[in-house]
There are 2 protein chains.
Amino acid sequence: MSEPTPAPPARRTRIAAQDRRDLILAAAARRFAEFGFEATTVRQLADDVNILSGSLYHHFATKEDILDAIVRQPALDQRDRALRIAALPVDAETRAVTLLEADLVAFTERQEAYAIIFAERKFFRRSDQFHFVTLARRDAFEAWRTILRDGAEAGQFRADVDLYLTISTIMRMLNTGADWYRNEDGSPIDVMKSYSLEELGNFYKGFVLSSIRAPGRAGEPMPQAAAFD
Amino acid sequence: MSEPTPAPPARRTRIAAQDRRDLILAAAARRFAEFGFEATTVRQLADDVNILSGSLYHHFATKEDILDAIVRQPALDQRDRALRIAALPVDAETRAVTLLEADLVAFTERQEAYAIIFAERKFFRRSDQFHFVTLARRDAFEAWRTILRDGAEAGQFRADVDLYLTISTIMRMLNTGADWYRNEDGSPIDVMKSYSLEELGNFYKGFVLSSIRAPGRAGEPMPQAAAFD
DNA sequence: GTCTATAAGTAGATAGAC
DNA sequence: GTCTATCTACTTATAGAC
């Protein structure tokens with residue numbers, strides 16, 4: 001006769017693979033964003049989640065695969081956002097405001113991933129595995145170009161807007177701004193002022209629109225962002 | 001009797017310490033700007049100037065000392081420029097345009113050093129040896145604050161300009177812009193358009209002034225930069 | 001799923017010959 | 001002023017016990 005079924009052993013210290021994997025990703029995102037991908041060691045990541053460095057390779061085959069898991073979806077999301085918003089059947093200024101706001105929200109909500117995507121862009125550019133990041137950023141750039149060109153043709157924006165300078169400036173402003181927003185960029189303030197996402201959005205929208213709007217349109221109200229998904 | 005003074009031996013392969021030191025600094029500036037300080041190895045620097053890594057330590061005591069020699073003067077120069085221009089006895093808008101143009105020229109002429117200063121700012125912030133860089137950037141920020149505050153009080157700039165957001169945005173825009181200007185930031189253009197320094201200056205001045213000028217001043221001519229040294 | 005143990009390579013830096 | 005040779009520490013990654 002068999003014994004009565006024993007109570008399941010206490011497994012308080014046993015952590016499921018998926019949980020551990022998520023913990024590793026969270027630790028890696030934090031360190032990659034703060035110190036950079038190459039400056040971070042797998043031992044540090046293992047220490048962060050209280051395992052030894054060798055055990056980390058049960059969850060990921062390489063250090064690059066950890067980075068891949070962090071940046072892939074956000075990079076593709078950035079491209080998709082830009083393409084979909086650029087194709088909306090609304091006027092160009094509304095699309096510009098919508099895209100700016102959508103990016104700002106995404107950059108803030110997934111600040112670490114997007115800080116990494118921006119900071120490691122030179123690394124991505126010379127990597128085959130991460131070529132998709134460069135391509136996604138390129139598509140986002142082209143979506144902005146569509147919007148600005150449409151706005152200039154429709155008379156909403158100045159006809160002499162330099163597309164390349166303007167877009168690269170906007171993208172760098174938003175990317176580095178999101179990094180600053182949650183990292184407090186060592187900036188020279190005595191009292192750390194805290195901004196709401198809405199304040200930030202209004203600031204950036206005003207900054208951009210004031211420089212690209214056609215003469216005489218300065219006083220017009222800022223358009224509401226459109227729904228895009 | 002002594003021999004006639006011999007002709008000095010041919011020393012074509014002998015390189016003076018100062019020359020070698022300069023070559024090392026040039027190679028290091030290039031690599032630090034392109035790949036980052038921590039991602040660059042002393043062996044790479046030695047290879048670049050055709051010596052072995054051990055010989056590099058005849059010229060510099062540590063890898064950090066190489067970085068120090070590259071960024072110290074540019075960082076101090078940035079602070080001095082900002083402080084002197086902020087104190088000029090001219091109106092605030094002229095000072096803003098002067099400082100913007102002076103920084104843009106410096107960032108372009110010493111692009112590698114300033115790209116390093118910006119890209120490694122988190123490294124500098126946790127280093128005692130490089131604390132002076134953080135302090136210099138802080139002083140430059142305060143100089144901008146003086147200028148913008150003066151302009152708002154004089155009615156040249158909008159009264160509701162958010163000083164912190166505006167200054168941090170301007171500084172990030174100029175810093176990353178200088179990096180892009182000579183590095184072609186992997187940007188998504190088919191035909192690489194080349195900008196003159198004057199075109200860049202006019203773009204950035206317009207971008208900034210259009211967003212901070214008091215309502216109704218949009219059409220006024222852009223002031224000429226003042227002399228400051 | 002994590003451990004122990006370690007391989008194979010590279011990092012920054014040093015000592016002393018020439 | 002550069003080389004040879006090397007040290008110590010640390011890197012990513014692997015093999016196999018538990």
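Both backbone and side-chain heavy atoms feed into the values below; hydrogens, waters and symmetry mates do not. Naming convention: chains lettered A, B, ... in sequence-line order (proteins, then strands); numbering from 1 in each chain.
Close to C:dT2, at under 4.0 Å from its OP1 or OP2, lies no side-chain N or O of A:H58. The phosphate of D:dT2 (OP1 or OP2) has a side-chain N or O of B:R20 nearer than 4.0 angstrom.
Taking atom CZ of A:R21 as the reference point, atom P of C:dT2 lies 13 Å away to the nearest angstrom. Taking atom CD of A:E64 as the reference point, atom P of D:dT11 lies 15 Å away to the nearest angstrom. Between A:L52 atom CG and D:dC10 atom P the separation is 16 Å, expressed in whole Å. The nearest whole Å value for the distance from the CG atom in B:L56 to the P atom in D:dT4 is 15 Å. Straight-line distance from the NE2 atom of A:H59 to the P atom of D:dT12: 17 Å, rounded to whole Å. The separation between A:I51 atom CD1 and D:dT12 atom P is 14 Å, rounded to whole Å. At whole-Å resolution of the value, CG in B:L23 and C1' in D:dG1 are 14 Å apart. Rounding to whole angstrom units, NZ of residue A:K63 and P of C:dG9 are separated by 19 Å.
A ring pair (Phe, Tyr, Trp, His ring centres under 6.0 Å) check over residues 57-76 of chain B, counting only residues at least two apart or in different chains, returns nothing. Each salt bridge (Lys or Arg N to Asp or Glu O under 4.0 Å) pair with one or both residues in residues 38-63 of chain A, not counting sequence neighbours, appears once here: A:R31-A:D48, A:E38-A:R126.
A heavy atom closer than 4.0 Å to some atom of DNA chain D occurs in A:T40, A:T41, A:V42, A:R43, these being the qualifying members of residues 40-50 of chain A.
Of the residues listed (A:F37, A:F130, A:F118), the one engaging A:F124 in a ring pair (Phe, Tyr, Trp, His ring centres under 6.0 Å) is A:F130, and it is the only one.
For A:F141 and A:Y164, the ring centers are positioned less than 6.0 Å apart.
Of all heavy-atom pairs between B:R84 and B:F228, the closest is NH2-O, 3.3 Å.
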Which protein N or O atoms sit under 3.5 Å from an N or O of nucleotides 14-18 of chain C?
none

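A:R79 pairs by the salt bridge (Lys or Arg N to Asp or Glu O under 4.0 Å) definition with nothing, not counting sequence neighbours. B:K205 meets the salt bridge (Lys or Arg N to Asp or Glu O under 4.0 Å) test with B:E101; sequence neighbours excluded.
In summary, the side chains of B:Q129 and B:D65 do present a donor paired with an acceptor at a separation below 3.5 Å, with no hydrogens or angles considered.
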ring-ring contact (aromatic ring centres under 6.0 Å, His included) between B:F203 and B:Y195, worked out: CA-CA 10 Å; B:F203 174 83; B:Y195 295 91; 8.1 Å; no
